[in-house]
Amino acid sequence: MNRAEALKLVEKQLTKKRYEHTVRVMETALNLAEHYQVDRQKVELAAIFHDYAKYRHPEEMKRWIIKEKLPHDLLEYHQELWHGPVGSIMIDREVGISDPEIQSAIYWHTTGKRNMTLMEKIIFIADYVEPGRDFAGVEEVRGLVFDNIDRACWLAARNTIQFLMGKEQPIYPDTFQLYNEKIGRNMNG
């Protein structure tokens with residue numbers, strides 16, 4: 001599937017604003033893929049489809065979680081988290097993309113996790129720093145993505161945890177695990 005075909009499929013699933021975000025995530029992710037020498041075609045498809053399920057009705061996503069045996073603890077957290085795991089399955093069933101690396105990058109783009117692959121990190125952080133994002137802490141993360149993607153992912157997890165704690169909202173355990181994993185490694189380099 002080429003870029004134009006993929007974008008056409010995704011555009012039907014998203015609002016205009018979210019589609020524009022998706023294009024910026026794709027461009028950011030491709031720059032990171034070039035820099036870190038990751039398969040550009042896979043990164044491009046993962047970036048284009050990362051929000052494929054974003055606007056599906058919560059009841060539909062709930063059915064997918066149960067039917068496809070995704071972790072049921074997802075249902076204990078805000079439905080905003082569901083579109084990553086559900087989207088990773090939907091792109092196989094509805095679009096025919098069954099590449100496990102692409103599916104995994106989509107699955108984890110909202111929460112992050114321990115031991116992310118480089119491609120998973122690229123989609124996670126491209127979604128966080130694409131040029132349309134404007135929130136406290138994003139510039140610090142943007143300044144690191146090409147020098148130390150591990151530290152950039154850790155800062156993104158830290159910022160997300162702080163934001164959710166400030167709003168007294170639950171935090172998915174994998175985000176904490178990403179934070180804890182990275183804090184133990186060389187975070188100053």
**Report entry** ILVMFWY network linking L45 to M26, side-chain heavy atoms under 4.5 angstrom
**Finding:** yes

Query raised in the report: Does D174 reach the side chain of L178, with side-chain heavy atoms less than 4.5 Å apart?
Result: no

Query - side chain to side chain contact (heavy atoms under 4.5 Å, CB included) between E80 and T110, intermediate numbers included - result: CA-CA 8 Å; E80 178 65 27; T110 55; 5.5 Å; no

Report task. Using the test ring-ring contact (aromatic ring centres under 6.0 Å, His included), find all partners of F49 that sit at least two apart in sequence or belong to another chain. Result -> Y52

Requested in this report: For residues H21 and D127, determine if any side-chain heavy atom of one lies less than 4.5 Å from a side-chain heavy atom of the other.
Outcome: yes

Query raised in the report: Would you call R93 and E68 a salt bridge, taking side-chain N to carboxylate O under 4.0 Å as the test?
Result: yes

Query raised in the report: Step by step, would you call M119 with I122 a side chain to side chain contact (heavy atoms under 4.5 Å, CB included)?
Result: CA-CA 5 Å; M119 186 168 152; I122 286 172; 5.6 Å; no

Query raised in the report: Would R3 and L30 count as a side chain to side chain contact (heavy atoms under 4.5 Å, CB included) if you check the C-alpha gap in whole Å, the side-chain angles of each, and the deciding distance to 0.1 Å?
Result: CA-CA 12 Å; R3 178 188 298 186; L30 285 172; 3.3 Å; yes

Report task. Give a yes or no on whether a salt bridge exists between E120 and R114, defined as a side-chain N under 4.0 angstrom from a carboxylate O. Result -> no

Requested in this report: Take L9 and M1 through the side chain to side chain contact (heavy atoms under 4.5 Å, CB included) test and state the conclusion after the steps.
Outcome: CA-CA 10 Å; L9 280 171; M1 179 180 309; 3.9 Å; yes

Query raised in the report: Quick check: are there more than 12 heavy atoms from other residues, nucleotides or ligands sitting under 6.0 Å from CZ of F146?
Result: yes

Query raised in the report: So, does N148 use its side chain to make a donor-acceptor pair with the main chain of R151 at under 3.5 Å?
Result: yes

Query - Q103 side chain reached by D92 side chain, heavy atoms, under 4.5 Å - result: yes

Query - Donor on one side chain, acceptor on other, Q13 and R18, under 3.5 Å - result: no

Requested in this report: Taking T22 for its side chain and I48 for its backbone only, find out whether a donor-acceptor pair lies under 3.5 Å.
Outcome: no

Query raised in the report: Does the T160 side chain pair with the main chain of A156, one donor and one acceptor, at a distance under 3.5 Å?
Result: yes

Query raised in the report: Are the aromatic rings of Y179 and W154 close, with centres under 6.0 Å apart?
Result: yes

Requested in this report: Please check if the side chain of S88 supplies one atom and the backbone of P85 the other of a donor-acceptor pair under 3.5 Å.
Outcome: yes

Requested in this report: To the nearest 0.5 Å, tell me how far I65 CD1 sits from Q79 CD.
Outcome: 9.5 Å

Query raised in the report: Residues two or more places apart in sequence or in another chain: which of them pass ring-ring contact (aromatic ring centres under 6.0 Å, His included) with Y19?
Result: none

Query raised in the report: Under a 4.0 Å N-O cut-off, is there an ion pair linking R63 with E59?
Result: no

Requested in this report: Among residues two or more places apart or on two chains, list those pairs meeting salt bridge (charged side-chain N to carboxylate O under 4.0 Å, His left out) that have a residue in residues 22-40.
Outcome: R24-E130, E34-R40

Query raised in the report: Are the charged groups of R133 and E139 less than 4.0 angstrom apart, N to O?
Result: no

Report task. Quickly, which of H57, K62, R56 forms a side-chain hydrogen bond (donor to acceptor under 3.5 Å, both in side chains) with E60? Name it, please. Result -> R56

Query raised in the report: Heavy-atom count around E94 CD within 6.0 Å, excluding the residue itself: above 12?
Result: yes

Query raised in the report: Do the two ring centres, one from H109 and one from F124, sit under 6.0 Å apart?
Result: no

Query raised in the report: For atom NZ of K113, is the number of surrounding heavy atoms from other residues, nucleotides or ligands below 6.0 Å larger than 12?
Result: yes

